[in-house]
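Written out below as structure tokens is the structure these notes cover.
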Amino acid sequence: MKETHRFISGILFFFAFLTSLLIIFILFFLLSYGLKIFQFISFKDFFLNPVWNPTGYFKNDYGLLPNLWGSFLVTSLALIIAVPFGIFSAIFLSEELRKITWLYNLTKGIIELFAAFPSVIIGLFGLVYLAPLIQKIFSLSSGLCVLNGGIILALMSLPTIISLCEASISQVPLTYKEASYALGVSRFQTTLKIVLPTAKSGIIAGILLGFGRAIGETMAMLMVLGNSPIIAKSLFQPTRTLTTTIAIEMGETAKNTPHFFALFMLGVVLFIISFIVNLIGNYFAQKRIKIII
Amino acid sequence: MKLKSSFYFYLSAIPLFIFLFTIIFITFYLIINGYPVLSFRFLFSNPEEQMTKGGIFPVIFGSFYLTILAFIFSIIPSILSGIYFAYYAKNNILTFILRTLIKTLSGLPSIVFGLFGLAFFVRTLNIGLSFLASSLTLSILSIPYLITATEEGLLSVPHTFYEAAIALGVPKWTAIRKIILPEAKPLLLSGIFLAFARLIGEVAPILFTGVAFYLKTISLSPFDRFMALPYHIYILATQHEKILKVRTIAFASSLVLLFFALLFGVIAYILRMKIKKYY
């Protein structure tokens with residue numbers, strides 16, 4: 001009896017341990033390929049080089065910066081759009097719409113289903129509808145640019161941001177708000193000065209995890225960014241990100257060349273960014289629950 | 001006393017309405033553009049003349065084969081891990097670290113999984129570009145979702161059920177298997193369907209591990225290359241030489257993919273609504 005219990009809990013622990021170690025295993029394999037790039041070029045040539053040109057005629061450049069800059073530019077733009085949208089949507093959902101149960105459930109259902117939209121489909125929308133629209137409005141030569149990518153990414157990260165913000169706003173105790181109303185403070189001011197500060201950790205978690213979701217997006221970005229390896233200086237230039245460079249070039253490069261290893265190193269950089277952002281985001285997501293209960 | 005809120009109400013409502021409108025707009029945009037091409041023949045015939053005509057049957061088949069194979073690999077380890085975290089894990093630093101690692105795994109970009117699949121399954125294990133390599137890569141992607149779903153499902157069952165079974169002298173494992181798991185089944189299934197809906201639209205993990213541009217025949221062998229629905233859409237939309245001619249096929253394929261993703265999403269949602277209210 002005791003032995004069967006030991007045996008079963010041993011097996012369960014084995015599987016839990018194995019699945020948890022997968023992420024370390026992934027990092028190990030990325031590093032084992034990625035670090036080989038430094039047999040060909042120096043650290044400085046990878047981390048500080050502003051040129052990415054792996055198939056140059058005289059000299060090949062494997063600079064991280066254009067890819068990293070593209071990723072941060074598009075993701076920042078996406079968050080500038082999505083964060084205010086997300087916070088206000090969450091406020092409206094939890095403070096007003098919650099009173100009408102069926103409408104609340106329907107809205108939540110639609111947002112949840114939108115999170116399951118495949119990214120190629122949203123990318124196709126950006127490519128076929130949004131790009132010509134942007135091209136026409138700003139009279140550009142092409143609508144495949146940072147702005148298009150930012151809008152598409154904002155759409156894709158909104159479900160994450162809304163659901164985390166809403167979960168945290170709806171946990172703000174009613175007594176906090178009632179105390180504020182009793183002092184004659186308006187609802188708008190109560191929301192700004194009482195509800196949002198109390199729900200702060202959940203909102204930070206939403207922003208960080210939304211950022212993590214956005215920086216890792218591949219297929220939609222591949223379709224709407226125009227994929228030019230330059231350091232974009234305006235919203236209307238094409239660019240490329242860490243993810244799109246890997247996706248485009250990995251299929252075409254020969255195995256065990258510096259180019260191949262450089263792409264793995266980009267993967268390592270992406271891994272590290274996303275790991276840190278998710279770690280901090282999950283910390284804030286848990287912190288919220290601890291304070292309130 | 002009713003609090004004055006009309007201005008406030010409209011102000012905070014605008015962003016949500018814009019977002020909802022965009023979602024519905026995208027959906028209808030796809031339906032209007034894709035519906036005219038959709039037919040029974042389109043779903044059940046092979047692509048013809050460099051994919052400018054004909055149907056998408058091998059593509060749908062590839063996507064389902066791939067995703068189901070991925071679940072066959074991931075479902076048992078995930079459920080066992082989920083049971084561990086819900087009922088066996090002690091509240092100590094090791095459990096905290098393991099949980100954190102799994103949570104972080106679920107936030108990792110899918111292209112990173114693709115690189116790992118290329119490095120480990122295709123190159124190190126030498127499986128080659130195939131169904132098998134791709135579905136193993138996808139199965140890793142699904143593991144954190146399934147573990148979380150299992151844990152949430154098990155914890156939604158009131159702890160008194162478990163205590164009652166233990167008080168009657170039932171061994172812990174039997175109590176979990178016979179009492180808790182059957183009660184948690186709807187939520188567990190809901191998690192599985194939701195993971196399925198997400199997995200079927202993934203391209204980045206299969207990009208370097210076996211998906212093919214165009215194949216003439218359907219193969220059942222797990223060691224062959226394959227076509228997949230989301231990759232097919234990407235190819236038709238951006239890489240095809242007659243891009244405008246195949247655009248309608250791209251829209252129709254998107255509509256089919258969206259239908260499957262939403263179907264599984266809705267099933268997951270309905271199953272979650274079905275959870276019993278115990279008290």
Side-chain angles (χ1 to χ4, degrees), chain A residues 1 4-5 8-9 11-13 15-20 22-23 26 29-30 33 84-85 88-89 91-93 96 107 109-110 112-114 116-122 124-125 127 129 155 158 181 187-188 209 212 216 218-219 223 243 246-247 250-251 264 267 270-271 274-275 278-279 282, chain B residues 3 5 8-9 12-13 15-16 19-20 22-23 26 29-30 77-78 80-81 83-85 88-89 98 100-105 107-112 115-116 119-120 140 143 147 171-173 194 197-198 201 203-204 207-208 230 233-234 237-238 247 250 254 257-258 261-262 265-266 269:
Chain A
M1 211 33 199
T4 357
H5 173 70
I8 288 168
S9 57
I11 286 191
L12 293 177
F13 176 73
F15 276 107
F17 194 65
L18 209 67
T19 46
S20 312
L22 279 173
I23 188 165
I26 290 175
F29 266 89
L30 292 187
Y33 279 83
F85 264 75
F88 275 103
S89 302
I91 290 172
F92 183 70
L93 268 172
E96 300 287 346
T107 313
I110 292 176
E112 215 166 290
L113 281 179
F114 184 66
F117 267 46
S119 57
V120 272
I121 288 183
I122 305 177
L124 182 71
F125 176 78
L127 178 75
Y129 181 81
L155 277 174
L158 262 173
Y181 298 150
R187 299 200 64 179
F188 186 64
L209 295 178
T218 309
M219 296 319 286
M223 294 164 91
T243 54
I246 299 172
M250 188 53 95
F264 267 95
L270 189 62
F271 180 104
S274 131
F275 187 85
N278 274 292
L279 214 58
N282 284 325
Chain B
L3 288 157
S5 67
Y8 166 85
F9 181 90
S12 62
L16 184 65
F19 182 44
L20 288 177
T22 315
I23 295 175
I26 294 176
Y29 184 74
L30 284 172
S78 309
L80 292 179
S81 309
I83 294 175
Y84 176 80
F85 283 119
Y88 285 83
L98 296 185
T100 311
L101 288 177
I102 287 179
K103 231 176 234 166
T104 322
L105 182 65
L108 224 52
S110 51
I111 190 99
V112 169
L115 284 176
F116 171 71
F120 184 62
I140 294 181
I143 280 174
I147 292 179
K172 188 172 183 178
W173 175 242
L194 201 63
R198 287 204 183 137
V203 185
L207 208 54
F208 324 126
I233 295 166
Y234 166 68
T238 61
R247 185 130 286 166
S254 302
L257 178 62
L258 187 63
L262 292 189
V266 168
Y269 196 73

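Note on naming: letters A, B, ... go to the chains in the order of the sequence lines (proteins, then strands), and numbering restarts at 1 for each one.
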**Asked** For A:Phe15, does its backbone N or O pair with a side-chain atom of B:Ser81 as donor and acceptor, under 3.5 Å?
**Response** yes
**Request:** Mind running ring-ring contact (aromatic ring centres under 6.0 Å, His included) on B:Tyr29 and A:Phe125 for me, showing each step along the way?
**Result:** CA-CA 8 Å; B:Tyr29 184 74; A:Phe125 176 78; 5.6 Å; yes
**Message:** Nearest 0.5 Å, please: how far is CD1 in A:Ile246 from CG in B:Leu207?
**Reply:** 10.5 Å
**Request:** Using side chain to side chain contact (heavy atoms under 4.5 Å, CB included) as the criterion, list what pairs up with B:Arg247, not counting sequence neighbours.
**Result:** A:Leu127, A:Val128, B:Ile243, B:Leu244, B:Phe251
**Request:** Examine whether an atom of A:Phe114 lies under 4.5 Å from a heavy atom of chain B, and if so say whether it belongs to the side chain, the backbone or both; otherwise answer neither.
**Result:** side chain
**Request:** Applying side chain to side chain contact (heavy atoms under 4.5 Å, CB included), name anything that partners B:Leu258, two or more places apart in sequence or on another chain.
**Result:** A:Phe117, A:Pro118, A:Ile121, B:Thr27, B:Leu30, B:Leu262
**Request:** Verify the ring-centre separation between A:Phe17 and B:Tyr84: is it less than 6.0 angstrom?
**Result:** no
**Item:** Pairwise distance CD1(A:Ile23) to CD1(B:Ile102) - rounded to 0.5 angstrom
**Value:** 10.0 Å
**Message:** So for B:Ile111, is it side chain, backbone, both, or neither that comes closer than 4.5 Å to the heavy atoms of chain A?
**Reply:** both
**Request:** Taking all non-hydrogen atoms of both residues into account, name the closest pair between A:Tyr33 and B:Ala119 and its distance.
**Result:** CE1-CB, 3.5 Å
**Contact origin within A:Thr19 toward chain B - heavy atom pairs under 4.5 Å** = both
**Which of A:Leu124, A:Ile122, A:Leu279 touches chain B most, by non-hydrogen pairs under 4.5 Å** = A:Leu124
